[in-house]
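Notes for the one structure printed next.
On a predicted model such as this, the values are computed, not experimentally measured, just so you know.
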Number of protein chains: 2
Amino acid sequence: MINNTKILVINKSDIILLGLNDLLKNSLSNEIIYINSADELENYPHLMGYIIVLISENDFYQNKALINKQLKNATKIAYLFIELNSDKISANTINIYENADSITNKINELLSSFKRNISNKNELSKREIEVLKLLTKGLSNKEIAQILFISTYTVISHRKNISEKTKIKSTSGLTIYAIINKIVNIEEISTSELI
Amino acid sequence: MINNTKILVINKSDIILLGLNDLLKNSLSNEIIYINSADELENYPHLMGYIIVLISENDFYQNKALINKQLKNATKIAYLFIELNSDKISANTINIYENADSITNKINELLSSFKRNISNKNELSKREIEVLKLLTKGLSNKEIAQILFISTYTVISHRKNISEKTKIKSTSGLTIYAIINKIVNIEEISTSELI
DNA sequence: ATATAAATCACTATTAATTGGGATTGCAAA
DNA sequence: TTTGCAATCCCAATTAATAGTGATTTATAT
């Protein structure tokens, strides 16, 4: 469900890594990386998308530049600081003495906030997809409006939103986007329909 | 080479049909139909494309309505009148007393005029393909003009001609046309270029 | 309960595209 | 050598699209 979200755990202690692994193995993230130090990030080029980093606050500040460099392709990064100090407890901090539920809750909360982020900011809504399909068939905003029984203004609004979300303005670009993203099937489109 | 061109021979005399069959069997046409009367056209529904009709002038005028009805889906029809009268000789007339070469020449001339017709009227010119490629990349007429060092008017002219030839008016339709006809490669188009 | 976002509609100004005429030049084939 | 086409350019009228804002309603998730 949460696509494109990775969890990156950086901690010197293997015991902590193993413990977190146990907590996270049933999480909704599709990839979890465990490393002992930020230097090992070099073994993971191409890290991109949504990334949750579990790291000690200390390690974070000491490796800030390196982490930023290695995660430069990330869409969004969220940090959860793992602390050994029993009196440091906050929303963006995990204390190793917290109970398991509390920790998994914090992580799942982050994951679902990412989910909201992903779905709401990048994915096209049902209506937008309908508009895009008709657009791909060569129909004008006016014609699309007539088919969907909405006003031309609304179609224009949808197109604006589609272009904002996809960052694609041109009709040809949107057509290619629709084909690539399987919103329309090029095989099913008879050229005779395009007149 | 000559695709979509049919020869339709209509003559009461089987001997003439057989004789013409001998003359035409090596012609460039991809389908030759021999019938004794225009009524038999009912057995050939869906006749379309480029059609050369060999018929006597008399039969033609007596069956004009029927022939027009049965050939209503033809893209273009050319008539060659087969005459029994030895003094009727002209470019669009075949006299059965003409020698074989003369007859095949007349038919091949018609076929190649059709070929010119087909290739020139439907295929996109070099410049049109250039314009189509840029169009597919989401560029406006103005931008295309700047890239090709021609005026926007010319780009518009090219687009008019492209739409006339392909019968496709919409940008999305032309994009799909370009993909289907390998004028652009969808794999090579990075969506980031489409912004 | 409230914030969010999807879906709807509206207006104006500006820019772009289309349509439907023309015209000219140069080349290449019949 | 004429005919046809490709390629170029031009104009005016019309239609369509885009940008920039803003507003309402309804459903959903926290």
Side-chain angles (χ1 to χ4, degrees), chain A residues 1 91 105-106 108-132 134-135 138-175 195, chain B residues 91 105-106 108-132 134-136 138-175 195:
Chain A
M1 213 55 178
N105 275 347
K106 283 180 181 175
N108 283 332
E109 203 172 304
L110 248 186
L111 279 168
S112 49
S113 98
F114 271 24
K115 180 188 165 189
R116 283 197 296 280
N117 219 295
I118 292 169
S119 64
N120 293 336
K121 292 215 170 156
N122 291 318
E123 277 171 26
L124 299 183
S125 72
K126 280 180 198 171
R127 209 53 165 170
E128 285 160 359
I129 285 173
E130 284 186 87
V131 169
L132 181 54
L134 295 171
L135 175 78
L139 303 181
S140 68
N141 293 340
K142 204 176 178 182
E143 291 169 319
I144 293 171
Q146 284 165 352
I147 289 171
L148 297 180
F149 297 104
I150 58 180
S151 95
T152 309
Y153 293 123
T154 307
V155 176
I156 291 170
S157 284
H158 286 313
R159 286 199 55 167
K160 278 183 213 171
N161 295 332
I162 291 168
S163 289
E164 261 176 38
K165 286 182 179 178
T166 61
K167 311 280 181 221
I168 299 169
K169 282 185 178 181
S170 70
T171 306
S172 58
L174 288 172
T175 304
I195 295 169
Chain B
N105 276 347
K106 283 180 180 174
N108 282 332
E109 203 173 303
L110 249 185
L111 279 168
S112 49
S113 97
F114 271 24
K115 181 188 165 190
R116 283 197 298 280
N117 221 295
I118 293 169
S119 64
N120 292 338
K121 291 217 170 154
N122 291 318
E123 277 171 26
L124 298 183
S125 73
K126 280 179 198 172
R127 208 55 164 167
E128 285 161 359
I129 285 174
E130 283 187 87
V131 169
L132 181 55
L134 295 171
L135 175 79
T136 307
L139 302 181
S140 69
N141 292 339
K142 205 177 178 182
E143 292 169 318
I144 294 171
Q146 284 165 352
I147 290 171
L148 298 180
F149 297 105
I150 57 179
S151 93
T152 309
Y153 293 124
T154 308
V155 177
I156 291 169
S157 284
H158 286 313
R159 286 199 55 168
K160 276 184 217 170
N161 295 332
I162 291 168
S163 290
E164 261 176 37
K165 286 181 179 178
T166 62
K167 312 280 182 219
I168 300 169
K169 282 185 179 180
S170 69
T171 307
S172 58
L174 288 172
T175 304
I195 296 167

What one should report as the nearest heavy-atom pair of B/S151 and B/A145 is C-CB, 3.8 Å

Interface with DNA chain D, restricted to residues 153-161 of chain A and to heavy atoms under 4.0 Å: A/I156, A/R159, A/K160

Quick one, B/T154 and B/V131 - any side-chain contact, counting heavy atoms below 4.5 Å? no

Side-chain atoms of A/I150 come closest, of C/dA16, C/dT8, C/dT18, to C/dT8

One should read off an interatomic distance between A/I144 CD1 and A/T152 OG1, to the nearest 0.5 angstrom, of 9.5 Å

Integer-rounded Å distance: C/dA17 P and A/K142 NZ: 19 Å

Minimum heavy-atom separation for A/L174 and A/K169, please, with both atom names. CD1-O, 4.2 Å

Round to a whole Å and report the spacing from CD1 of A/I144 to P of D/dA17. 8 Å

Between C1' of D/dT8 and CG of B/N141, the distance in whole Å: 15 Å

Between D/dA27 (P) and A/R127 (CZ): distance, integer Å: 15 Å

Taking every non-hydrogen atom, the tightest pair across A/S172 and B/T175: CB-OG1, 3.1 Å

Gap between atoms NZ and P, on B/K169 and D/dA16 respectively (whole Å): 11 Å

Separation of B/L148 atom CG from D/dA6 atom P, in whole Å? 17 Å

When you compare the side chain of B/L148 with that of B/R127, does any pair of heavy atoms fall below 4.5 Å? yes

Length of the line joining B/K126:NZ and C/dA28:P, which is rounded to integer Å: 10 Å

Within this structure, what is the CD-to-C1' distance between A/E164 and D/dT18, rounded to whole angstrom? 12 Å

